[in-house]
Amino acid sequence: MFGLKKPHITISESPVLTQDSRSDLFDDEVKGSGYKLSYASRNKYKNDFVDSGGLENQDVQELEHYAAYKAEETTKTVNRALKIAENIHEHATKTIITLHQQGEQITRTHMTAADMDRDLRRSEKLLGSLGGIFSRMWKPKKGRAIKGPTIYDPAPRKGAHLKQREQLGLTTTPSKGQRRSRTPPPEPTNVMQKVEYEKTKQDDALSDLSNILGELKEMAVDIGSEIKRQNKALNPFEDDVDELNFRLTGARQRGRRLLGK
C-alpha cells in the first residue's frame, strides 16, 4: 500500500502576518493603506529595538520603517485625545442645556409666586370684610412687596442657542467619532509617503482638537455666567417666597378666628 506523504512546509512558505491579517484585529486606523508593516515588525518597533541592539545598531531602512511606525502611533494618540475632547464637549453641551432649562424653571416658578400674591390680596380683602357688624376691619400684616422675577436682558446665551438647535434636530458640532469632511490624502505606497500621510492626519485631528477646545472655553464661560445669573435670580425669589409664607400664616389665623366665632 502506498501511504500519503505529508506536505513539507518550510518557514519561508508560511504566510506573512501583515496588517491586513492579524494586526487588523487591533488597528483600524490604517486599514486599506498601500504601505503595511508586518506584525513581527510592529512588535520589534514597539520595544524600541531593545531585543536587537537598540536604535544605534539599526540600518537606515529599518529606521525609516521605525519612523513610519512612530508616526502611526502618534496619530493614534492624537485621535484618542480628540475623542476625549469630543466626550467632554458632549457632556458640556448637555450641562448647558440642563442649566438653561433650570433657569427657565426658576423664572416660571417665581412668576407663579407673583400670581399667588394677586390671589392672596383678594383673599386678604375678603377676610378683612368678614365678621360681625361691630367688628374692626382686619388688615393683614405685610413686610415687603412681592416683586416677581426680574427680567434680565443678558447677552445671548449658548444654552438657549443649543436648546433651539436641539429642538430642530440639528447638531452644534460634529458628534463623537465624526470628523470634519476633508479631501483624504492619497494612500501611501512607500515608507516616506507613509510618514507624510500620518502627519497630514495628525494635522487634521489637531485642527479639530483646537476647534473643540476653543468651543469648550466659550462653553465654560457660558456655564459660569448662567450659574451666576441663576444665583442672582434666586435671592429675590427666596425673599418673595418668605413673604408669601408670612402672609399665608396670617390669613390662616384670621380664618380660624372667624370660624371660632
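What you see is a predicted model, and the numbers here were worked out from it, not measured in a lab.
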Next item on the list: Might you point out which heavy atoms bring N190 and Q193 nearest each other, and give the distance in Å?
Entry: OD1-N, 2.8 Å

Margin query: Nearest 0.5 Å, please: how far is CZ in R254 from OG in S123?
Written below: 13.5 Å

Note to self: So, taking the atom named CD in E215 and the one named OG1 in T93, what distance separates them when rounded to the nearest 0.5 Å?
What the structure shows: 8.0 Å

Notebook entry, point to check: Going only through I, L, V, M, F, W and Y residues with side-chain contacts under 4.5 Å, is there a path from L248 to I146?
Noted result: yes

Check: If you look at every heavy atom in A81 and L209, which pair is closest and at what distance?
Finding: O-CD1, 4.0 Å

Margin query: Is the shortest side-chain heavy-atom distance between T200 and D204 below 4.5 Å?
Written below: yes

Next item on the list: Can you sort out the partners of R121 under salt bridge (Lys or Arg N to Asp or Glu O under 4.0 Å), two or more places apart, ordered by chain and number?
Entry: D117

Next item on the list: Look up atom NE2 in H110 and atom OG1 in T107, then write down how far apart they are to the nearest 0.5 Å.
Entry: 9.0 Å

Next item on the list: Return the set of residues passing salt bridge (Lys or Arg N to Asp or Glu O under 4.0 Å) with K147 (not counting sequence neighbours), or none when no residue passes.
Entry: none

Check: About how many Å separate OG1 of T112 and CG of L244, when rounded to the nearest 0.5 Å?
Finding: 11.0 Å

Margin query: According to ring-ring contact (aromatic ring centres under 6.0 Å, His included), does anything in residues 205-224 pair up with another residue at least two apart or in another chain? List the pairs.
Written below: none

Next item on the list: For I84, enumerate each residue passing the side-chain contact (heavy atoms from CB on, under 4.5 Å) test, keeping only those at least two apart in sequence or located in another chain.
Entry: I88

Notebook entry, point to check: Are K199 and E196 close enough for a salt bridge, meaning some N to O gap below 4.0 Å?
Noted result: yes

Note to self: R144: which residues meet the salt bridge (Lys or Arg N to Asp or Glu O under 4.0 Å) condition with it, sequence neighbours left out?
What the structure shows: D240

Check: At their closest point, which heavy atom of A85 faces which heavy atom of I212, and how far apart are they?
Finding: O-CG2, 3.7 Å

Margin query: Using modelled atom types and a 3.5 Å cut-off, is there a donor and acceptor pairing between side-chain atoms of E72 and backbone atoms of K194?
Written below: no

Next item on the list: To the nearest 0.5 Å, tell me how far D203 CG sits from E198 CD.
Entry: 11.5 Å

Note to self: Using side-chain hydrogen bond (donor to acceptor under 3.5 Å, both in side chains), reason through E226 and Q230 one step at a time and then give a plain yes or no.
What the structure shows: CA-CA 6 Å; E226 182 65 17; Q230 291 183 21; 3.0 Å; yes

Notebook entry, point to check: With hydrophobic residues grouped by side-chain heavy-atom distances under 4.5 Å, do I96 and I227 end up in a single group?
Noted result: yes

Notebook entry, point to check: Do I106 and I223 sit in the same hydrophobic cluster, where Ile, Leu, Val, Met, Phe, Trp and Tyr count as joined when their side-chain heavy atoms come under 4.5 Å apart?
Noted result: no

Note to self: Which residues pass the salt bridge (Lys or Arg N to Asp or Glu O under 4.0 Å) test with E238, not counting sequence neighbours?
What the structure shows: none

Next item on the list: Quick one: do L99 and Q102 satisfy side chain to side chain contact (heavy atoms under 4.5 Å, CB included)? Show the steps, please.
Entry: CA-CA 5 Å; L99 279 174; Q102 178 177 285; 4.1 Å; yes

Next item on the list: Find the distance between NZ (K232) and CZ (R229) and round it off to the nearest 0.5 Å.
Entry: 10.5 Å

Notebook entry, point to check: side-chain hydrogen bond (donor to acceptor under 3.5 Å, both in side chains) with T75: which of R80, Q202, K70?
Noted result: Q202

Check: What heavy-atom pair brings G148 and A114 nearest, and what distance separates the two atoms?
Finding: CA-CB, 4.1 Å

Notebook entry, point to check: Does the pair S225 and V221 meet the rule for a side chain to side chain contact (heavy atoms under 4.5 Å, CB included), with working shown?
Noted result: CA-CA 6 Å; S225 299; V221 173; 4.2 Å; yes

Note to self: With a 4.5 Å cut-off on side-chain heavy atoms, are Q101 and Q105 touching?
What the structure shows: no

Checklist line | From CA spacing to verdict: side chain to side chain contact (heavy atoms under 4.5 Å, CB included), Q253, R256 | finding: CA-CA 5 Å; Q253 291 174 351; R256 285 196 293 267; 3.4 Å; yes

Checklist line | S210 (side chain) donor-acceptor with L206 (main chain) under 3.5 angstrom | finding: no

Next item on the list: Please report the C-alpha distance between L213 and L216 in whole Å, then the side-chain angles of each, then the deciding distance to 0.1 Å, and finally whether the side chain to side chain contact (heavy atoms under 4.5 Å, CB included) criterion is met.
Entry: CA-CA 5 Å; L213 292 177; L216 285 174; 4.1 Å; yes

Notebook entry, point to check: Is there a salt bridge (Lys or Arg N to Asp or Glu O under 4.0 Å) between D119 and R122 once you walk through the steps?
Noted result: CA-CA 5 Å; D119 295 336; R122 289 193 290 268; 2.3 Å; yes

Notebook entry, point to check: Is any NZ, NE, NH1 or NH2 atom of the basic residue among K83 and E86 found under 4.0 Å from an Asp or Glu carboxylate oxygen of the other?
Noted result: no

Next item on the list: Is it possible for you to say whether Y69 and V195 belong to one hydrophobic cluster, with membership spreading through side-chain heavy-atom contacts below 4.5 Å?
Entry: no

